[in-house]
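These notes concern the structure reproduced below.
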Amino acid sequence: MKLPLSYYSNQDVLFLAQDLLGKVLFTEINDEVTAGIIVETEAYFGVLDKASHAYGGRRTNRTETLYSHGGVSYVYLCYGIHHLFNVVTSVKDEPHAVLIRAVEPLIGKNIMELRRNMSVDKAAISSGPGSAAKALGIDQSFNKKDLDGNEIWIEDHGIRYPSDDIIKVPRIGVAYAQEDALLPWRFFVKGNKYVSKPNTI
DNA sequence: TGAGTGATTTACT
DNA sequence: GTAAATCACTCAG
């Protein structure tokens, strides 16, 4: 059930970003397990992608995690408040990553409600990368963890979406990346209410 | 050691 | 739909 690290060593980050839709992301914190179905992702294409932190081979303390082997989590703090969860893919020294932008609550819904202080019936509970990470209890301490461990992992529950229901659009919040901002590297499940901006194409 | 910065959220018109 | 907040971290000096 748990995806092996070899799954993440695929060097086609665009394929993995789509394939991760429908997979189930688990976290376990203080014996409390929560999980959500991944319904929205974005691909970040390593050193060639101006929107990536690793663009041009940039390598610092922060981006070092991106250069790890596939199957490592990369948690990045944005705007000083929001934790964004990424899956590092490909092989060592190839800093490709997939950003998890939204999940559909599946297990531990009551725990998520406490964390977010709102009902799981509200789409806002896990739509948008900052909210989804918070609902799952992800913070800086999850940075650089192997995804086959006991704190955070991803399972395949056999959920598949027909290709017609997978929408490809330009990424969000990366206008500064100029021409790379137009690339259709954001993927989401059509009609799912937990997707951050379901009606935007 | 400190100025600069942002893969967003939230509230508001 | 649009606009403004905001703060902890990053990176370079």
Side-chain angles (χ1 to χ4, degrees), chain A residues 8 13-14 16-18 20-21 25 36 38-68 70 72-90 94-103 105 112-113 115-145 147 152 154 167-189 193-201:
Chain A
Y8 307 98
V13 67
L14 296 177
L16 276 178
Q18 294 172 77
L20 280 169
L21 294 175
L25 175 62
I38 298 169
V39 293
E40 183 177 359
T41 63
E42 281 182 13
Y44 284 84
F45 198 76
V47 299
L48 298 176
D49 184 353
K50 289 184 181 176
S52 168
H53 292 154
Y55 172 65
R58 200 173 168 74
R59 190 159 186 158
T60 64
N61 279 341
R62 178 176 68 159
T63 60
E64 189 62 29
T65 305
L66 287 169
Y67 290 85
S68 304
V72 173
S73 61
Y74 173 51
V75 179
Y76 159 71
L77 187 64
C78 184
Y79 289 81
I81 327 175
H82 309 296
H83 298 284
L84 276 60
F85 172 72
N86 301 252
V87 176
V88 177
T89 68
S90 192
E94 288 287 336
H96 300 312
V98 176
L99 169 69
I100 306 301
R101 291 188 54 88
V103 300
M112 296 191 204
E113 290 185 333
R115 287 175 184 153
R116 293 282 294 142
N117 195 29
M118 67 171 73
S119 165
V120 290
D121 293 332
K122 294 196 179 298
I125 194 169
S126 61
S127 69
S131 304
K134 188 171 182 184
L136 291 168
I138 292 170
D139 63 22
Q140 284 293 78
S141 67
F142 281 85
N143 190 34
K144 220 166 187 173
K145 300 268 187 202
L147 293 176
I152 182 165
I154 298 176
I167 311 292
K168 306 172 188 178
V169 294
R171 291 173 294 182
I172 304 293
V174 293
Y176 63 87
Q178 301 173 39
E179 71 270 19
D180 287 346
L182 301 175
L183 295 166
W185 287 352
R186 172 180 174 232
F187 306 96
F188 65 87
V189 178
K193 75 171 183 176
Y194 295 103
V195 171
S196 54
K197 292 182 180 175
N199 299 318
T200 304
I201 298 182

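Naming: A, B, ... by sequence-line order, numbering from 1 per chain. Keep in mind it's a predicted model, so treat the numbers as computed, not measured.
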Q) Which listed nucleotide (B:dG6, B:dT9, B:dT8) is nearest to the side chain of A:Ser131? A) B:dT9
Q: Please report, rounded to the nearest Å, how far the P atom of B:dA11 is from the NZ atom of A:Lys122.
A: 12 Å
Q) Under 4.0 angstrom, heavy atoms only, what part of the nucleic acid is A:Phe85 near: base, sugar-phosphate, or nothing? A) nothing
Q.
Heavy atoms only, 4.0 Å cut-off, all strands: where does A:Arg59 land among base, sugar-phosphate and nothing?
A. nothing
**Q.** Options B:dT9, C:dC7, C:dC11, nucleotide nearest the side-chain atoms of A:Thr60
**A.** C:dC11
**Q.** Distance in angstrom units between A:Asn143 CG and C:dC9 P, rounded
**A.** 12 Å
Q. Counting side-chain heavy atoms from C-beta on, which of B:dG6, C:dT10, B:dT8 comes nearest to A:Arg62?
A. C:dT10
(Q) Need the pair for C:dT6. Rule: Watson-Crick or G-U wobble, both distances under 3.5 Å, any strand; none if unpaired. (A) none
Q. When the distance from NE2 of A:His53 to C1' of C:dT10 is rounded to whole Å, what number comes out?
A. 10 Å
(Q) What's the closest nucleotide to the side chain of A:Tyr79 if the choices are B:dT10, B:dT8, C:dC11? (A) B:dT8
Q | Least distance between heavy atoms, A:Gln140 atom then A:Val75 atom | A | OE1-O, 3.3 Å
Q | Euclidean distance, atom NE2 of residue A:His83 to atom C1' of C:dC7 [Å, nearest integer] | A | 12 Å
Q. Between A:Met118 (CE) and B:dT9 (P), how many Å, whole number?
A. 11 Å
Q | Sidechain-backbone polar pair: A:Arg116 side chain, A:Ile125 backbone, donor-acceptor under 3.5 Å | A | yes
(Q) At 4.0 Å (heavy atoms only), tell me whether A:Leu77 reaches a base, stays on the sugar-phosphate, or touches nothing. (A) sugar-phosphate
Q) Phosphate oxygens OP1/OP2 of C:dA12: is one of them under 4.0 Å from a side-chain N or O of A:Arg58? A) yes
Q: In whole angstrom, give the distance that lies between atom NZ of A:Lys134 and atom P of C:dA8.
A: 13 Å
Q: Return the set of residues passing ring-ring contact (aromatic ring centres under 6.0 Å, His included) with A:Phe45 (not counting sequence neighbours), or none when no residue passes.
A: A:His96, A:Trp185
Q. Does the side-chain contact (heavy atoms from CB on, under 4.5 Å) test come out yes or no for A:Glu64 and A:Arg59, once each step is laid out?
A. CA-CA 6 Å; A:Glu64 189 62 29; A:Arg59 190 159 186 158; 3.0 Å; yes
Q) Does the pair A:Leu99 and A:Phe85 meet the rule for a side-chain contact (heavy atoms from CB on, under 4.5 Å), with working shown? A) CA-CA 6 Å; A:Leu99 169 69; A:Phe85 172 72; 5.9 Å; no
Q.
Measure CZ/A:Arg101 against P/B:dT9 and give the value in whole Å, please.
A. 7 Å
Q. Atom CZ of A:Arg171 to atom C1' of B:dT8: distance rounded to whole Å?
A. 16 Å
